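To start, the structure itself, in C-alpha cells.
Remember, it's 1-based here, ligands and their atoms both numbered in the order they're listed. These numbers come from a predicted model, not from an experiment.
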Amino acid sequence: MAIQRTFSIIKPDATKRNLTGAINAKFEAAGLRIVGQRRIQMTRQQAEKFYEVHAERPFYGELVDFMISEPVVVQVLEGEDAVAKHRDVMGATNPAEAAEGTVRKEFALSIGENSVHGSDSEENAKIEIAQFFTEDQIVG
Ligand code: ADP
Ligand code: MG
C-alpha cells in the first residue's frame with residue numbers, strides 16, 4: 001500500500017446544513033489529511049463535465065441541478081490507500097445501505113443528496129483533482 005491522493009466533494013446538502021467540519025473530522029479521524037480545500041459555487045458547465053460519465057443515467061439532470069444548488073467544498077485528501085479509505089468512510093451511495101459510522105449513514109438525506117463525493121480509483125482521482133486544483137494549491 002502506498003500514499004495516495006483522492007478527490008472529495010462535500011456536497012450541497014451538507015454545506016447547507018453546516019456539516020463541513022463534522023465531515024472533515026471523520027476524514028481526519030480515518031487518517032486522511034486535507035492537503036487541498038476550497039469552497040466554491042460550482043458552475044453548471046463544471047458539474048456537467050464532472051459527472052459526464054453519468055450523462056446517460058436518468059438522474060443526471062437532477063444530479064447536476066443539485067450540485068449547483070448551493071456551494072460545495074472541493075478537497076484533495078492524502079494518506080495511505082486514500083482512495084479506498086475515503087470510500088470506506090463515505091459509506092455506500094444509498095444511505096439506507098451505508099454502514100454504521102460512515103458519513104452517508106450519519107448525514108446523507110437520500111441516494112441523490114448523499115453529502116459527499118469520492119473518487120473511485122487512483123486514475124479517476126488524478127483526473128478529478130486536475131479539474132479543480134493546480135499543483136501549487138495542494139500542500140502535503
Ligand atoms: P458514488 O457517489 O457512491 O460513487 P455513483 O458514482 O454511482 O455513486 O453516482 C454518483 C452520484 O449520483 C451519487 O453520489 C448520487 O449523488 C447520484 N446518484 C446515484 N444513483 C442515484 C439514483 N439512483 N438516484 C438519484 N441520484 C443518484
Ligand atoms: Mg462515483
Please determine whether any non-hydrogen atom of [X] lies less than 4.0 Å from an atom of ligand 1.
X	value
Asp120	no
Arg104	yes
Glu113	no

task = Give a yes or no answer on whether the side chain of Gln131 reaches the backbone of Gln46 with a donor-acceptor pair at less than 3.5 Å.
result = yes
request  = Using atom types as modelled and distance alone, determine if a side-chain donor or acceptor of Gln75 lies under 3.5 Å from a backbone N or O of Ser8.
outcome  = no
remark   = One finds that the ligand 1 atoms under 4.0 Å from a non-hydrogen atom of Lys11 are 13 (C), 14 (O), 15 (C), 16 (O)
ask   = Which of the numbered atoms in ligand 1 are below 4.0 angstrom from a heavy atom of Asn114?
value = 13 (C), 14 (O), 15 (C), 16 (O)
message = Less than 4.0 angstrom from a charged side-chain N to a carboxylate O is my criterion; do Lys105 and Glu100 meet it?
response = yes
request  = In plain terms, say whether Glu106 and Arg17 are close enough for a salt bridge, that is, a side-chain N and a carboxylate O under 4.0 Å apart.
outcome  = no
Would you mind checking which non-hydrogen protein atom is closest to [atom], with the distance to 0.1 Å?
atom	value
atom 16 (O) of ligand 1	Gly112 O, 2.8 Å
atom 6 (O) of ligand 1	His54 NE2, 3.1 Å
atom 25 (C) of ligand 1	Phe59 CB, 3.6 Å
atom 3 (O) of ligand 1	Thr93 OG1, 2.5 Å
atom 4 (O) of ligand 1	Arg87 NH1, 2.9 Å

note = Logged contact type for Ile111 with ligand 1, heavy-atom cut-off 4.0 Å, is both
remark   = The reported gap from OG in Ser115 to NZ in Lys16 (rounded to nearest 0.5 angstrom) is 12.5 Å
request  = Looking only at non-hydrogen atoms, find the nearest pair between Gly112 and Phe66 and report the distance.
outcome  = O-CE2, 3.6 Å
key: Check: Phe50 ring centre within less than 6.0 Å of Phe7 ring centre   = yes
request  = Tell me, please, whether Phe133 has Arg38 positioned over its six-membered ring: NZ or CZ under 6.0 Å from the ring centre and within 45 degrees of its axis?
outcome  = yes
